[in-house]
Amino acid sequence: MDAIMSLCKRRGFIYQASEIYGGINGFWDYGPLGALMKRNLREAWWQDMIMNPAWGRKGPNGEAVRCVPVETCIIQHPKVWEASGHLAGFADPMRKCAKCGHFVRADQYWDTLVESSEWFNSLIQEFEPAPMGTQTPGLDSSRMMKWARGKGKKLAPNLALVRNPEVTLSWLATRVNGQPNVPPDVQEIVRHVATEQLNATGLQEPCPRCGGELGAPAQFKLMFETWAGLTQTDDNKVYLRPETAQGIFVQFKNVVDTTRVKIPFGIGNTGKSFRNEITPRNFTFRSREFEQAELEFFCHPDESHAWYQFWRDFRMEWWRSIGLSSDNLILREHDKDELSHYSTGTCDVEYRFPFTAPGYGELEGVAHRGNFDLTQHQKHSGAKLEYFDQERGELLPNGSRKGERYLPHCIEPAAGLDRGVLALICEAYTVDPARPSPEFMKFHPRIAPIKAAVFPLVNKDGMPEKAEALHAELNKRFGRQGLIETDPKQTIGKRYARMDEAGCPYCFTIDGQTMTDQTITVRDRDTGSQERIAIDKVAEFLGEKLGE
RNA sequence: GCGGGCGUAGCUCAGUGGUAGAGCGCUACCUUGCCAAGGUAGAAGUCGAGGGUUCAAGUCCCUUCGCCCGCUCCA
């Protein structure tokens, strides 16, 4: 991975954001080649999902797949995120241990303690089992003292009971003798052993890991906040979207009402999203600002599972078609218990990145979302989002249908473009020590930022002029798709090697023979092999390779 | 947030408290007739940042930022 990151920097694929200021955690910029490559990926998605969805295939309903685009705002009405569940889901109250910095979800505190706290499970064995019909375990202060000085010291060094057993245990006699009829339960006992100075601090709750006292629950803000308006008041608070999908759901009705689309159809949206990841890591894989390419495909509930399978299979095939062809790419269906209650299927397209291996990292999620989102927005906004399907319902005497009103179900293939670029880079990166240029990038021609290069074999004898003419011709025809390079300087091997490292699939070289018979050599990046073709067939050759 | 590692030229990395280095790459010229060939010259550095110790700090100490790894988290 280090070698890949180093190449990314060296050749201008990916830079650290704000690098001259020391960088900023969780943000990355694309250099010239990276920006071209990402554009190629976005463009491929756009072509194959919006302009010519699923390569013109028929869907499970037997008709061509129809999709339209939208481009929605990063900032939406705050209620959008309330309705979608992000505001609640993205802000789990967490408690932080003052001693070791460990985080615990406040709502799962006791479960976490019982399930995963070593010291708690050790300490509890020092209690006598509670007699039948009571909540009170038998307590023995000398056993607890012994535990505090032995096991406790190792397992829970910051627990009050361990730091100061005499003081901490002093409550015990008072408490038990004072209220013999209301014996303490386990939670109360735990609070007491975490409390050194009852009068000063009140009862405390211990960290499941080290026993130190936990702070009050604090909101974890996973959404970026800002203010729409000049004053930073709660009234003006807005959020940067954590996913592009909600913009689609919110505009669903408008698209239906204004563009003559008919169910089933999809709405696509690409753009930046933002999440305050707790731990941005693994190069660009988990960034705080990232770009998504999402399609929300709306269909009748009865057809939804068939469409789910359709998109799941197509998306897998699509990633393969642009270069992720090895078995590093897998499709993982979520288990039944992993599914949301409204979903009948979700899968991830996953790639085995060098930093996840032997595991996999998610590239794209294909989710059956049911009508969850439209239901939520209908409820929160009060707007009617139902679709009136004139092709369904019982057959009327006049031959038309009565129609059916329903909330469509939705299949969501949601791809991460930055993760896509990263996977394509990892997949393309190849080292072959047998080659003169051992390090090279095997990009699919459709994705490659540099599409071709034209070289004079040597910089004299009319070759550079000839090369310049061919370069101009190719550039005119293919320059919109990507870079067409040319370079008359230095030895041919060096120029080939440079192109290999940038992932340029084809080099066309003018040599002495060109002068006499009007042929040039084509060098294939992956094999290094060469063939001669006529100079006036070069554009045709390249067009074919680029999939025109 | 914790623990570990790292941070010196575009890249990979040397550098013992005492003048800032190498290889590759890059630029120019020469040479060059198919795979990072050779020669000559050149440009390129806030030694991550800030503070401290010292006559003197890339080197020692403290703080901080970033990257990588392991925990933790991941709707």
Side-chain angles (χ1 to χ4, degrees), chain A residues 1-12 14-28 31 81 84-92 94-105 108 112 116 158 207-210 212 215 218 220-223 242-243 245-246 275-286 288 340 354-356 361-362 365 367 432 434-440 455-461 463 488-501 507-515 520-525 527-530 532:
Chain A
M1 196 61 211
D2 288 349
I4 292 173
M5 290 174 68
S6 153
L7 186 141
C8 281
K9 166 89 186 278
R10 181 156 31 99
R11 294 311 306 250
I14 296 171
Y15 307 130
Q16 202 178 359
S18 309
E19 188 183 292
I20 61 170
Y21 287 99
I24 174 164
N25 194 354
F27 297 88
W28 300 87
W81 309 114
S84 69
H86 287 90
L87 203 51
F90 264 44
D92 297 324
M94 301 289 281
R95 303 182 65 180
K96 185 185 169 189
C97 171
K99 292 287 191 301
C100 75
H102 184 73
F103 284 98
V104 187
R105 277 184 62 157
Q108 295 174 1
T112 308
S116 62
N158 296 324
C207 169
R209 188 155 73 176
C210 76
F220 247 47
K221 309 242 180 181
L222 271 62
M223 276 198 288
E243 64 170 30
Q246 297 306 323
R275 297 179 193 184
N276 245 328
E277 300 288 354
I278 298 171
T279 313
R281 205 169 272 197
N282 288 328
F283 203 24
T284 59
F285 183 77
R286 180 165 289 151
R288 288 180 164 149
S340 317
F355 48 79
T356 57
E362 181 186 348
D432 179 358
R435 286 166 61 112
S437 52
E439 224 178 9
F440 66 109
F455 297 140
L457 182 60
V458 288
N459 196 13
K460 60 180 184 183
D461 300 339
M463 292 180 213
K489 302 194 168 177
Q490 302 210 309
T491 61
I492 192 70
K494 246 181 207 190
R495 285 176 280 165
Y496 285 156
R498 261 201 288 259
M499 286 300 119
D500 282 351
E501 206 180 53
C507 294
F508 304 110
T509 302
I510 278 71
D511 58 16
Q513 198 180 326
T514 311
M515 301 301 156
I520 54 95
T521 64
V522 186
R523 172 183 178 275
D524 181 87
R525 175 196 63 207
T527 62
S529 65
Q530 294 183 40
R532 292 202 82 85

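Because the structure is predicted, anything quoted here is derived from the model rather than measured. Chain letters run A, B, ... following the sequence lines, proteins first and then strands; every chain starts at 1. Hydrogens, waters and symmetry mates play no part in the numbers below; they use all other heavy atoms, side chains included.
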>> Closest-nucleotide mapping onto RNA chain B: is S437(A) or G26(A) further toward the 5' terminus? I mean the 5' end.
In response: S437(A)
Suppose we call a contact any N or O donor and acceptor under 3.5 Å apart; does that hold for the side chain of [X] and the base of [N]?
X	N	value
Q490(A)	rA36(B)	no
E277(A)	rC74(B)	no
R286(A)	rC74(B)	yes
R281(A)	rC67(B)	no

Nucleotide nearest [X] (side chain, heavy atoms from C-beta), chosen from [options]:
X	options	result
Q530(A)	rC67(B), rC73(B), rC34(B)	rC34(B)
I492(A)	rC67(B), rC73(B), rC34(B)	rC34(B)
D511(A)	rG66(B), rC34(B), rA36(B)	rC34(B)
A497(A)	rA36(B), rU32(B), rC34(B)	rA36(B)

>> With a cut-off of less than 4.0 Å, is there a side-chain N or O of N282(A) near OP1 or OP2 of rC69(B)?
In response: yes
> Taking OP1 and OP2 of rC67(B), is either one under 4.0 Å from a side-chain nitrogen or oxygen of N25(A)?
Replying inline: yes
Each nucleotide N or O in nucleotides 45-47 of chain B that has a protein N or O under 3.5 Å away: list the pair and distance.
{"residue": "rU46(B)", "atom": "O4", "partner": "I20(A)", "partner atom": "O", "Å": "3.4"}

>> For a quick check of understanding: with a heavy-atom distance under 4.0 Å over all strands, which category does F283(A) fall into, base, sugar-phosphate or nothing?
In response: sugar-phosphate
> What are the two closest non-hydrogen atoms of M223(A) and N276(A), and how far apart are they?
Replying inline: O-ND2, 4.3 Å
>> Just the rounded figure in Å: distance from C1' of rU31(B) to NZ of K489(A).
In response: 15 Å
> How many Å lie between CD1 on I24(A) and C1' on rG66(B), as a whole number?
Replying inline: 11 Å
Enumerate all atom pairs, one protein N or O and one N or O from nucleotides 5-14 of chain B, separated by less than 3.5 Å.
{"residue": "rG10(B)", "atom": "O3'", "partner": "K9(A)", "partner atom": "NZ", "Å": "3.4"}
{"residue": "rC11(B)", "atom": "OP1", "partner": "K9(A)", "partner atom": "NZ", "Å": "2.5"}
{"residue": "rC11(B)", "atom": "O3'", "partner": "S6(A)", "partner atom": "OG", "Å": "3.1"}
{"residue": "rC11(B)", "atom": "O2'", "partner": "S6(A)", "partner atom": "OG", "Å": "3.2"}

Could I get a table of every N or O pair under 3.5 Å where one atom is in the protein and the other is in nucleotides 37-42 of chain B?
{"residue": "rA37(B)", "atom": "OP2", "partner": "T491(A)", "partner atom": "OG1", "Å": "2.9"}

> Should the pair E19(A)-K9(A) be classified as a salt bridge under the 4.0 Å nitrogen-to-oxygen rule?
Replying inline: yes
